[in-house]
Peer 1: 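If you scroll down you'll find the structure; I have some questions about it.
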Amino acid sequence: IARKNKQTQIMSITTTAFVAAAVSVTQQAEAYRSYQNAMPNGDKVFRNGQAWPGVGHESSSGGGALNPFGTAFKQNGNKWDATFCKADADQDRQTNGMELGDPDCVWTTGATPARTTDISHPGYSDSTTAAGGGEDEGGSTTDGTASTTEGGDDAGEEE
């Protein structure tokens, strides 16, 4: 009987740990979704061909350290507004709005952004959109490959 009670206790502890982990994962997924929904195309961000659901984090899956976009978003009260939209969190010469498909900074929660394709990561300068000027500015495509432009940023420099 003592052995059976020990097995029951172990099963109970294991079940409790599993349920706690499942609840934690569910809460984390809901948190990501709420942040994704607080910005245009938050669920469509890619970097170097990889989906990046944790848009504001260094890790693509989210959690842990924030990237420049995540830090700026947090400092802005975790809200999308015209000022934040016009900012350039990753200093790649494309506004947060341009990268996330809201180039005119008019998107509101629940609305469809002006653009839903060619979405780049606003937290990394190696990820820019070709839509509306990415290639004209000597940036890179959304898969992180360098774009080519005549003249580029090196025009007029001597070697």
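Here the structure is a predicted model, which is why all the values come from computation and not from measurement. Any value given below was found using the heavy atoms of this structure, including those in side chains, with hydrogens, waters and symmetry copies removed. Position 1 is the first residue of the sequence; numbering continues from there.
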Peer 1: So, does N48 use its side chain to make a donor-acceptor pair with the main chain of Q50 at under 3.5 Å?
Peer 2: no

Peer 1: Side-chain atoms of residues 64-75: list all donor-acceptor pairs with protein atoms under 3.5 Å, sequence neighbours left out, distances to 0.1 Å.
Peer 2:
| from | atom 1 | to | atom 2 | distance (Å) |
| --- | --- | --- | --- | --- |
| N67 | OD1 | F69 | N | 3.0 |
| N67 | OD1 | G70 | N | 2.9 |
| N67 | ND2 | V55 | O | 2.8 |
| N67 | ND2 | H57 | O | 3.0 |
| T71 | OG1 | N67 | O | 3.2 |

Peer 1: Got a second to check how far W52's CH2 is from Q36's CD, nearest 0.5 Å?
Peer 2: 13.5 Å

Peer 1: Which heavy-atom pair separates I119 from R115 by the least distance, and what is that distance?
Peer 2: CD1-O, 3.8 Å

Peer 1: For the CD atom of Q94 and the OG atom of S125, what is their distance to the nearest 0.5 Å?
Peer 2: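 Reported value, rounded in 0.5 Å steps: 10.5 Å.
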
Peer 1: Test of understanding: with side chain to side chain donor-acceptor pair (under 3.5 Å), list the residues that count as partners of N76, not counting sequence neighbours.
Peer 2: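 Only D81 meet the side chain to side chain donor-acceptor pair (under 3.5 Å) criterion with N76.
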
Peer 1: For A114 and P103, which heavy atoms make the closest approach, and how far apart are they?
Peer 2: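 Smallest interatomic distance, heavy atoms only, reads CB-CD, 4.1 Å.
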
Peer 1: So how far is it from T116 OG1 to N41 CG, rounded to the nearest 0.5 Å?
Peer 2: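 Atom-to-atom, T116:OG1 and N41:CG are 6.0 Å apart.
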
Peer 1: Name all residues meeting the salt bridge (charged side-chain N to carboxylate O under 4.0 Å, His left out) criterion together with K86; count only those two or more places apart in sequence or in a different chain, and write none if there are none.
Peer 2: none

Peer 1: Any side-chain heavy atom of D90 within less than 4.5 Å of one from E99?
Peer 2: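 Side chain of D90 against side chain of E99, heavy atoms only: contact under 4.5 Å found.
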
Peer 1: Is D102 reaching over with its side chain to a backbone N or O of P40, donor-acceptor style, under 3.5 angstrom?
Peer 2: no

Peer 1: Taking only Lys NZ, Arg NE, NH1 and NH2, and the carboxylate oxygens of Asp or Glu, determine whether D126 and R47 approach each other closer than 4.0 Å.
Peer 2: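 R47 and D126: salt-bridged.
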
Peer 1: Quick one: pull up CG in N96 and OG1 in T83 and give me the separation to the nearest 0.5 Å.
Peer 2: 11.5 Å

Peer 1: Decide yes or no on side-chain contact (heavy atoms from CB on, under 4.5 Å) for L100 and W80, but give the supporting numbers first.
Peer 2: CA-CA 11 Å; L100 290 177; W80 186 264; 3.8 Å; yes

Peer 1: Keeping S120 on the side-chain end and T129 on the backbone end, is there a donor-acceptor pair under 3.5 Å?
Peer 2: yes

Peer 1: Enter the distance from T128:OG1 to H121:NE2 here, rounded to the nearest 0.5 Å.
Peer 2: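 T128 OG1 to H121 NE2: 13.0 Å, rounded to 0.5 Å.
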
Peer 1: Closer than 3.5 angstrom, by distance alone: can the side chain of T108 be matched with the main-chain N or O of A111 as a donor-acceptor pair?
Peer 2: no

Peer 1: How far apart are the closest heavy atoms of W107 and N37, and which atoms are they?
Peer 2: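 Distance-wise, the nearest heavy atoms are CH2-O, 3.5 Å.
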
